[in-house]
Amino acid sequence: MKNRIIIYFTAILLVFTSSLIAQEEKENLFVDSLLNKMTLEEKIGQLVELVTPKSVTKKMLSNGNVSSILGIKDADLANELQQIAVEESRLGIPLLFTNDVIHGYNTTFPIPLAEASSWNPELIEEACRIAAVEAASNGTHLTFAPVVDITRDPRWGRIAEGSGEDVYLGSILAKARVKGFQGNDLKDKSSIGACAKHYVAYGAAEAGKDYNTVDISEITLREIYLPPFKAAVGEGVVSIMSAFNDLNGIPASANYFTLTQILRNEWGFDGFVISDYNSIPELVNHRFAQNKAEAAAKALTAGVDMDIAGNDIKWSVYAPHLDSLITNNIISEDILNESVRRVLRIKYRLGLFENPYVDIEYYKTNMPSFEERQKTALQLAKESIVLLKNQDELLPLKKDLKSITVIGELADNIHHPLGPWNTAPILENVVTPLAGIKNYVSENTEVIYIKGCSVEGIDKSEFGEAIDAAKNSDVVIMIIGETREMSGEAASRSDIGIPGVQLDLVKEITKTGKPVVAVLMNGRPLTIPWLDESVPAILETWFLGDQTGNAVAEVLFGDYNPSGKLPATFPRNVGQIPLYYSHKSTGRPFNEDDKYTAKYLDVDVTPLYSFGYGLSYTQFEYADLRTSKEFYTKDENIDVVLEVTNTGKRNGEEVVQLYITDKFASVTRPVKELKDFQKVFFKAGETKKINFTITPDKLSFYDVYMNKIIEPGEFVISVGGNSHDYITTLFQIIE
Ligand code: BGC
C-alpha cells in the first residue's frame, strides 16, 4: 500500500514538473522568437518607461520606443494607448502600465507601517488583493510595491511606506503583499504584478536623511536588508526596483554585486529590474559615472533592465545612449538582449500578449462590493491601532458620557488620514476621527470640536476656546501628530517630536484636570516622553486610510479591543537613534551599577516603547514554556509549547511573539531576534496552548565567508507579548 502511494505521488510530481518545464519552454520559445525579430531600436524601446501619458506620442508607440507607462488611472485611456502599441507598431508588443499602489488604489488602507502593526499577514494580503483588482480595473498591470525596506531610523520619512525595523516581520509581510497583488495566477484579471523596492538597503540611509549614503558590512546586508527581498523573490515577485542610494561605494542602481551576483545568480530571480525615478542619470551626481552615456552603460551592465525616464523621453538615459553604446561595442548586444528578454517574459507571464486590453465589462460584475472593500479597510484599520498607555483604565470610554471635547486640526481633516502615497483615493470615503466619534456616541452625548491649533505653526489664538470647552466636558480627546506630508519620500525630519504648538496645547488642557486621551496620527515613531509621563491614555493610530474615524471610535469606545503591536521602536529622544530591539550585546552591555557600560549620561538607555509593544483592554499571562526535549541535532525541528491566559474581563487578541538568542557564536549575534509569531483570539478567562515549530534555518546565520551555518551550543527561546517582557526556556544544538 505504502509503495503504491509513493508511486502515485511520484507520478503526480512528475506530471507537475514536466508541465512546468513545458510551460517554461513555451515561454522561452515565445520570447526568443519575438526577440529575434526585433530591431535594435525596438529592443531599446522595451527598456524605457515614461511617466504620465502626456509625455507619450502616437509616433513613439507605433515605433515601439516605449515599453511601459507610469501613472495611467483610466481604463479607456489605457485601452486607447494599448491599441496603438498592439495594432500600429510593427511587432504589436503590448505596453505595461504601472502605478504606485502602496496602500490601496481607490479604497485607502492604513499606511504600510500601520498595517504592519496589525501583525496580520492574511488581512494585509486581502487588502492587497482588493488594491490589485481596483488597480487592474483602471488599467494597471504592475504596482511599484511592496516597499520592503527595513529601517531602524524613524527620522527617515519612508519608514511610513514599509514594515518597520524587523527582518522576520518584514519578510513575512513582503510575502503576504506579493501574494495579495499577484494572486495565484498572474493572468487572472484581478491580479497585478508586484515590484519589491527599493533594492537595496535604502532604509539604512545615514542619519535618516532620504537618498543618503549607506555603508554597511556584507553580513549586515545579508542578515538585515536582503531577506525581505529574498522572501519576495521566493514568492514569485515579477520585478524589483533598484534604489537611489550609494551602497558601500557602488550606487544601488549600478551595483553588479547586488543586482546580478546576488539577485540573479544566487537567488535565481528571472523577472526584470527597473530603476528608481532618475536613479540612472543620478549616477553622475554620485560621481560614479562621468556622463549619462556612462551611467546607462554601468546601470545596464550591472543588471538594471528598465529605465524610468520621467516625463520626457529626452530625460531617458537608455533611449538616447544604448544605441551608440552597442554599435560602438562598449556594451555587448547580449546584455541588452538579456534585459529585453526579462521584460518580455514578464509581459508574457502577465498575459498581456493574450489580453492586452482592460476588460471593462469583467470588472462591472467581478469587483468586490464597496461594502466588502470598506469592511476589510475597517478591520485592518482597527487592528493597526496600538494602545500605548491606559492608566487606570481610562479607556474604553463610555458611549453615554454627557460631553466630549475633541481637539486638533487632524480631527477634522479628510486629507491627512490618507497618509503619504495615495493612488486614486476617493475623498468622500474618508471618515475623519471627529466624524467617527460623532457616529459612535449616544444621542445624549454632546461632542464639541475645537481645532485649538494647527499641526504646524505657532498660532495659539484658539487655545482659550479649547481650554474653556475642555473645562465643561467629561473627557478630552486630542488628535495630534504629523501632517500626511511629513512622512513619505523626501520627508525626513531631524526632530521627530510632535510638531508646532500641539504639545503646548495638550499641556494647557491637562491643567484643567479633565481626563485627556491623546490620539496620535503620524507616519513614524515619534519622541513623546512628556506625553507618556503626563497624559493618562495614548493611542497610536498612524494614518489609517478611509476608515480612520470608525476604527478610532471603535477602539475608544471599546467595541474593538486593541491588539496592534509596534513594528518599530519608539526612542526617547533623537540622540538614541538608531535604536532597535535586536541590537548586539557589545563588550560592555548596559549595567546601571557600572558607569563604564553602554549607556548615555543624559537619557535612559531603554526605548520609550519597545518593538512588539502594545496594550489591550485585557491582560495576558504567559506560562509553562517548554521544548519537547533539551538536545537537538542541526537538522531537527524544535517543538515549542506554552500556555497563554487571558486573565482579564474582556475578550481580546494577543500577538504571541517568539524570539531566539544564540548565546555564543563565531560571529556576534543580536541579543534576540523575532523568529515567529501568532495572533490569537482569547475569550475572557480563556487559556490556550500555543505551539511553535522552530525550523533549523531560523537558527542559522552568515559566517565571515558568507556561508549560512548553524553552530552547536545553547539557545534561549523568549516568548511574550513584546520584545521586552517574556518568559524563557533553553535548548541545545549538538553536533
Ligand atoms: C520613488 C519610488 C516610486 C517612483 C515612481 C520614486 O521617486 O522613490 O518609490 O516608485 O518614484 O513613482
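All values derive from a computational prediction rather than experimental measurement. Counting starts at 1 for both ligands and their atoms, following the listed order.
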Review point. Do you see a donor-acceptor pair shorter than 3.5 Å between the side chains of S253 and E282?
Key: no

Check your understanding: How far apart are the C-alpha atoms of N106 and R373, what are their side-chain angles, what is the distance that settles it, and do they pass the side chain to side chain donor-acceptor pair (under 3.5 Å) test?
Key -> CA-CA 10 Å; N106 294 131; R373 286 176 277 153; 5.2 Å; no

Study note, to complete from the structure: Partner of W156 under side chain to side chain donor-acceptor pair (under 3.5 Å), picked from N212, T151, D210, D149, is D210

Side-chain donor-acceptor contacts of residues 261-274 below 3.5 Å, not counting sequence neighbours, with atom names and distances?
residue, atom, partner, partner atom, Å
R264, NH1, L259, O, 3.4
R264, NH1, G303, O, 3.0
R264, NH2, D305, OD2, 2.6
E266, OE1, R222, NH1, 3.0
E266, OE2, R222, NH2, 3.0
D270, OD1, R349, NH1, 3.1
D270, OD2, R349, NH2, 2.8

Give me the pairs of N or O atoms, one from ligand 1 and one from the protein, that sit under 3.5 Å apart.
residue, atom, partner, partner atom, Å
ligand 1, 7 (O), E489, OE1, 2.7
ligand 1, 7 (O), E489, OE2, 3.1
ligand 1, 8 (O), R158, NH1, 2.7
ligand 1, 8 (O), D276, OD1, 3.2
ligand 1, 8 (O), D276, OD2, 2.6
ligand 1, 8 (O), E489, OE1, 3.4
ligand 1, 9 (O), R158, NH2, 2.9
ligand 1, 9 (O), K197, NZ, 2.8
ligand 1, 9 (O), H198, NE2, 2.7
ligand 1, 10 (O), D100, OD1, 2.6
ligand 1, 10 (O), K197, NZ, 3.0
ligand 1, 12 (O), D100, OD2, 2.6

Check your understanding: Does a side-chain N-to-carboxylate-O contact under 4.0 Å join E126 and R129?
Key -> no

Point to revise | Greater than 12 external heavy atoms within 6.0 Å of K73's NZ | key: yes

